[in-house]
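Order of the sequence lines sets the chain letters (A, B, ...), proteins ahead of strands, with each chain counted from 1.
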There are 2 protein chains.
Amino acid sequence: MSTNPAPSPEAETLKLERFLPYRLNVVGFFASRALGRIYGEHFGIGIPEWRVVAQLGEFGKLTSRDIGELAQMHKTKVSRAVAELQKRGLVSRAENREDRRESFVALTPAGQRIYAHIVPLALAFEARWIEGIAPDELKVFERVLSTLTDRGRLLAGGYRDVET
Amino acid sequence: MSTNPAPSPEAETLKLERFLPYRLNVVGFFASRALGRIYGEHFGIGIPEWRVVAQLGEFGKLTSRDIGELAQMHKTKVSRAVAELQKRGLVSRAENREDRRESFVALTPAGQRIYAHIVPLALAFEARWIEGIAPDELKVFERVLSTLTDRGRLLAGGYRDVET
DNA sequence: TGACATTAGTTTCATTTGCAACTAATTTTA
DNA sequence: TAAAATTAGTTGCAAATGAAACTAATGTCA
């Protein structure tokens, strides 16, 4: 009854803590968790709602479809996030009279105020997170991250609506 | 009715697609999604189950608590994953006679066979993912990733049981 | 034009998830 | 040693999630 002799002698071994998909998932989870805390505490909204607000703050008015594409959110998630934000008076909807299936979503003045409050918090959070990392290393990191993201999108296979 | 003039003139703007927490979350999601597909198709198990198997394959026998700590999983997730794996005959449990609150979980022979099959698939997947990235850039990437992960763990705040 | 296919968005349903409360065992402390 | 606190692990419950089905509108093609 001794402890922990690796049990699969013939199998190639794998150290989970060095396994890239695992690591990316963990760091991504921490990111969501930390930001979600900020959004939740300060504004009572969650990550999906924040993503919608962020896109609207950046682009003005968008259809739900656009939001989903830009923010990598499943359409049902967008639908529910928009509905919630509308219920809180943070976004408005205006039917597109040229295609009545869709409608344009935009921040209300209240929504814009929230956006204006969140953005500095989010940026400060990001700054604190990357503080002290050498700028050139960060550059490399971001470039590789882009490559991995693009390739991940393909490897994740379901090219189409991917929800995050 | 022109389109998309940025609506918050005074607010600092933020581009979500360049926002690091967002990007990390997206790439992490792709990683999970892609791997989950592999595990699901080939072995009918999910990510949590895979993580348990991976740790047991690496370390031999572990308590659920250890698994949670090593694999960054909430204890309820571990509990359910272990229960599921046990139901499928892939892991066994043995009570620790020196502390009867906990028990040691270990792969059964069937579990070891699955592990031996999954590991090469997982490693091949990882290899395909990072293919073509310059080794020195990958080194930098992994180092920064470690820093971000450690700091993210703190920023995520809930130091204690973090579930992923 | 009219049938068929596609698209935007919502809703239903089953699954997954995490929190909180719980049980049972062990450790601490007074 | 007895009460209080802590710990391992499970379960109840409510919220979040995604797949699939659905509605309504538009596009395609004969």
Side-chain angles (χ1 to χ4, degrees), chain A residues 25 28-30 32-33 36-37 39-40 44-52 61-87 91-105 156-164, chain B residues 25 28-30 32-33 36-37 39-40 44-52 61-87 91-105 156-164:
Chain A
N25 198 60
F29 171 79
F30 287 150
S32 279
R33 162 61 68 112
R37 181 172 294 237
Y39 304 147
I45 64 174
I47 298 276
E49 288 76 22
W50 150 249
R51 287 202 187 168
V52 171
K61 70 181 180 192
L62 294 168
T63 65
S64 288
R65 204 196 134 279
D66 294 335
I67 294 171
E69 182 133 352
L70 289 166
Q72 297 288 339
M73 290 167 68
H74 189 103
K75 62 180 180 176
T76 61
K77 214 179 225 176
V78 174
S79 176
R80 293 190 255 243
V82 169
E84 173 68 21
L85 289 168
Q86 190 176 28
K87 204 177 72 184
V91 307
S92 62
R93 281 197 248 212
E95 182 186 69
N96 177 6
R97 305 208 60 229
E98 286 163 15
D99 184 343
R100 284 166 38 249
R101 286 171 301 184
E102 65 187 15
S103 51
F104 294 115
V105 184
Y159 322 88
R160 286 165 289 96
D161 43 34
V162 169
E163 66 287 337
T164 297
Chain B
N25 198 59
F29 171 78
F30 287 149
S32 279
R33 162 62 67 112
R37 180 172 296 239
Y39 303 147
I45 65 174
I47 297 278
E49 288 76 23
W50 149 249
R51 286 200 187 169
V52 171
K61 69 182 181 192
L62 293 168
T63 66
S64 289
R65 201 196 137 278
D66 294 335
I67 294 171
E69 182 135 352
L70 289 166
Q72 297 289 338
M73 292 167 69
H74 188 103
K75 62 180 180 176
T76 61
K77 214 179 224 176
V78 174
S79 175
R80 292 189 256 242
V82 169
E84 173 69 19
L85 289 169
Q86 190 176 27
K87 203 176 72 184
V91 307
S92 61
R93 280 197 250 212
E95 182 185 69
N96 177 7
R97 305 208 61 227
E98 287 162 15
D99 184 344
R100 284 164 40 247
R101 288 172 301 186
E102 65 188 15
S103 51
F104 294 115
V105 183
Y159 321 87
R160 286 164 291 97
D161 43 34
V162 169
E163 65 287 339
T164 297

Output the rounded distance in Å from CE (B/M73) to C1' (C/dT16). 12 Å
Can any side-chain N or O of A/R100 pair as donor or acceptor with the backbone N or O of A/E95 at less than 3.5 Å? no
I need the CD1-C1' distance between A/I47 and D/dA16, as an integer number of Å. 13 Å
Does any non-hydrogen side-chain atom of B/M73 lie less than 4.5 Å from one of B/V52? yes
Between D/dT7 (P) and B/N96 (CG): distance, integer Å: 17 Å
B/E84 meets the side-chain contact (heavy atoms from CB on, under 4.5 Å) criterion, sequence neighbours left out, with B/E49, B/K87, B/R88
5′-ward residue of the pair A/E98/A/T76 relative to DNA chain D: A/T76
Within this structure, what is the CZ-to-P distance between B/R37 and D/dG18, rounded to whole angstrom? 14 Å
Measure the distance from NE2 on A/H74 to P on C/dT16 and round it to the nearest whole Å. 16 Å
Please state whether the phosphate of D/dA24, meaning OP1 or OP2, lies under 4.0 angstrom from any side-chain nitrogen or oxygen of A/R100. no
Going by ring pair (Phe, Tyr, Trp, His ring centres under 6.0 Å), name the residues that satisfy it together with A/F104, two or more places apart in sequence or in a different chain. none
Those residues that, when tested against B/S92, pass side chain to side chain donor-acceptor pair (under 3.5 Å) (two or more places apart): none
A/R65 meets the salt bridge (charged side-chain N to carboxylate O under 4.0 Å, His left out) criterion, sequence neighbours left out, with A/E69
A/G68 and A/V78 have their tightest heavy-atom pair at CA-CG2, 3.6 Å
Residues in side chain to side chain donor-acceptor pair (under 3.5 Å) with B/T63, at least two apart? B/D66
For DNA chain C, whose closest nucleotide is more 5', that of A/S79 or that of B/R97? A/S79
Which atoms of nucleotides 4-8 of chain C (N or O only) lie under 3.5 Å from a protein N or O atom, and what are those distances?
{"residue": "C/dT7", "atom": "O2", "partner": "A/R101", "partner atom": "NH1", "Å": "3.0"}
{"residue": "C/dA8", "atom": "OP1", "partner": "A/R65", "partner atom": "NE", "Å": "2.6"}

Between atom NZ in A/K77 and atom P in C/dT16, what is the gap in whole Å? 16 Å
From CD of B/E84 across to C1' of D/dT10 the rounded distance in Å is 16 Å
With distance as the sole criterion, do the side chain of A/R80 and the base of D/dG18 form a donor-acceptor contact below 3.5 Å? yes
Does A/R93 have any side-chain contact (heavy atoms from CB on, under 4.5 Å) partners at least two apart in sequence or in another chain, and if so, which? A/V82, A/A83, A/Q86, A/S103, A/V105
Calculate the interatomic distance between B/I67 atom CD1 and D/dT7 atom C1'; express it in whole Å. 17 Å
Stems for DNA chain C (at least 3 consecutive Watson-Crick or G-U pairs, under 3.5 Å) come to C:1-30 with D:1-30
